[in-house]
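Before any comments, here is the structure.
What you see is a predicted model; the values in this text were computed from it and never measured. Just so it is clear, the values below take in all heavy atoms, side chains as well, and ignore hydrogens, waters and symmetry mates.
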Amino acid sequence: LDMDVQVRAATTFREELNAQLTIHSRNAWGGDMDKLHLYLTPEAPELRDLARATLRNTTPKPGLETFVHAQALFDTLSAMDIKYLPDPNIPFYQDDRVQFATETVDAGSGDCDDLVVLYASLLESVGIKTAFVEVQDPEKELAHLYLLFNTGLSAENGTLISDNGKRYIVRESSSGQKMIWIPVEATLLDAGFEKAWTAAAMAYLQEGQLRNGLTEGWVKIIDHQ
């Protein structure tokens with residue numbers, strides 16, 4: 001970048017600047033989980049059309065609309081045969097890469113970041129609130145990522161979803177209301193919603209609670225607007 005700036009106010013002042021800039025691609029990501037939500041595209045017409053076509057034929061019981069819709073959207077992605085592919089080996093000096101949701105659909109595959117972004121974008125396209133769970137297990141070399149979605153149910157209605165309280169997470173909203181959130185392992189698209197839910201709930205229990213990952217800070221929940 002070269003800049004030549006002149007300002008006149010009785011006297012002329014001139015400053016020349018030279019700086020090297022790095023231009024990243026639109027898919028470049030530095031691994032900052034607080035910025036991953038920038039790759040969500042719930043407004044994409046293709047996602048909204050897919051979500052509407054999926055939910056048009058669902059008839060959930062009262063109170064379970066969000067939960068059933070989230071399950072139906074996951075199973076739609078499963079039926080599209082979108083595969084999980086692990087992260088490539090990326091040199092330390094290069095950016096990680098995140099695909100936008102429609103790119104993952106077109107490619108038919110993605111790593112954990114790509115699949116979380118895809119499912120979260122689809123949920124957000126129909127107004128279902130999501131959050132990311134980042135796991136940097138000190139006993140493992142690589143970090144991992146899965147997501148949560150807000151069922152819209154208050155904590156006292158948890159039995160509508162499951163009699164097992166370890167299958168969901170109770171989180172307090174900004175207004176102080178305790179709400180039920182469901183964890184989902186997006187890399188298990190090919191296994192279906194039930195197994196993806198079970199795997200994420202087990203991971204949250206073991207890593208976040210039993211091993212104190214939440215307290216120690218290596219398990220983090222990242223909310224986004």
Side-chain angles (χ1 to χ4, degrees), residues 1-52 85-138 140-150 171-177 179 181 186 213-225:
L1 172 68
D2 293 306
M3 295 182 64
D4 186 342
V5 182
Q6 293 189 51
V7 179
R8 289 191 179 91
T11 304
T12 298
F13 297 91
R14 181 173 182 175
E15 183 74 23
E16 294 185 7
L17 303 174
N18 177 272
Q20 183 175 354
L21 301 180
T22 300
I23 306 300
H24 299 270
S25 74
R26 69 191 295 266
N27 297 100
W29 178 50
D32 184 350
M33 204 59 62
D34 291 330
K35 292 184 171 59
L36 188 61
H37 72 278
L38 298 174
Y39 295 87
L40 299 185
T41 52
E43 74 287 348
E46 301 94 328
L47 296 184
R48 300 186 69 181
D49 290 345
L50 177 61
R52 288 169 180 170
L85 293 178
D87 288 317
N89 292 322
I90 300 174
F92 73 92
Y93 55 84
Q94 292 185 7
D95 291 316
D96 196 357
R97 184 178 187 277
V98 178
Q99 295 173 172
F100 289 91
T102 54
E103 292 175 330
T104 300
V105 171
D106 291 341
S109 64
D111 60 24
C112 68
D113 307 327
D114 302 326
L115 297 180
V116 164
V117 165
L118 169 59
Y119 187 41
S121 294
L122 197 56
L123 292 174
E124 296 271 358
S125 75
V126 292
I128 299 176
K129 181 72 175 175
T130 63
F132 300 140
V133 181
E134 179 188 24
V135 182
Q136 293 187 334
D137 191 333
K140 297 180 180 179
E141 183 178 354
L142 299 177
H144 186 56
L145 179 72
Y146 55 95
L147 61 78
L148 308 175
F149 69 84
N150 188 349
R171 304 185 66 211
E172 190 169 310
S173 68
S174 57
S175 62
Q177 187 177 12
M179 306 297 294
W181 291 67
L214 289 164
T215 302
E216 295 175 4
W218 52 269
V219 175
K220 298 178 182 178
I221 299 177
I222 299 100
D223 289 289
H224 48 270
Q225 300 298 324

Checklist entry - Do Val5 and Arg14 pass the side-chain contact (heavy atoms from CB on, under 4.5 Å) test, and can you show the C-alpha distance, the side-chain angles, and the key distance before you say yes or no? => result CA-CA 6 Å; Val5 182; Arg14 181 173 182 175; over 6 Å; no
Item to check | Steps toward side-chain contact (heavy atoms from CB on, under 4.5 Å) verdict (Thr104, Val117) | outcome: CA-CA 9 Å; Thr104 300; Val117 165; over 6 Å; no
Examine distances only and state if a side-chain atom of [X] and a backbone atom of [Y] form a donor-acceptor pair shorter than 3.5 Å.
X      : Y      : value
Asp111 : Leu85  : no
Ser121 : Thr41  : yes
Lys129 : His224 : yes
Glu134 : Ala143 : no

Checklist entry - Do Asp223 and Arg171 meet the salt-bridge criterion of a basic N to acidic O distance under 4.0 Å? => result yes
Next on the checklist: Do the side chains of Arg48 and Glu46 get close enough for a salt bridge, i.e. N-O under 4.0 angstrom?
Outcome noted: no
Checklist entry - Do you know which two heavy atoms are closest between Gly110 and Asp114, and how far apart they sit? => result CA-OD2, 3.5 Å
Next on the checklist: Minimum heavy-atom separation for Asp137 and Trp218, please, with both atom names.
Outcome noted: CA-CE3, 3.6 Å
Is the shortest side-chain heavy-atom distance between [X] and [Y] below 4.5 Å?
X      : Y      : answer
Cys112 : His144 : yes
Asp2   : Leu17  : no
Phe132 : Ile221 : no
Val135 : Leu145 : no

Nearest-0.5 Å distance that lies between atom [atom1] in [X] and atom [atom2] in [Y]:
X      : Y      : atom1 : atom2 : result
Gln177 : Glu172 : CD    : CD    : 9.5 Å
Leu47  : Glu124 : CG    : CD    : 11.5 Å
Asn18  : Asp4   : CG    : CG    : 11.5 Å
Asn150 : Ser173 : CG    : OG    : 8.5 Å
Thr130 : Tyr119 : OG1   : OH    : 10.0 Å

Next on the checklist: Enumerate the salt bridge (charged side-chain N to carboxylate O under 4.0 Å, His left out) contacts for residues 98-110, please, sequence neighbours excluded, ordered by first and then second residue.
Outcome noted: Arg26-Glu103
Next on the checklist: Test side-chain contact (heavy atoms from CB on, under 4.5 Å) on Leu118 and Val105; report intermediate values, then the result.
Outcome noted: CA-CA 8 Å; Leu118 169 59; Val105 171; 3.8 Å; yes
Checklist outcome for this item: Sorted by chain and number, sequence neighbours left out, side-chain hydrogen bond (donor to acceptor under 3.5 Å, both in side chains) with Lys140 holds for none
Checklist outcome for this item: Sorted by chain and residue number, the side-chain hydrogen bond (donor to acceptor under 3.5 Å, both in side chains) partners of Ser109 (sequence neighbours excluded) come out as none
Checklist entry - With under 30° as parallel and over 60° as perpendicular, where do the rings of Phe100 and Tyr39 fit, or are they tilted in between? => result tilted
Checklist entry - Under the side-chain contact (heavy atoms from CB on, under 4.5 Å) criterion, do Leu147 and Val133 qualify, and how do the steps go? => result CA-CA 5 Å; Leu147 61 78; Val133 181; over 6 Å; no
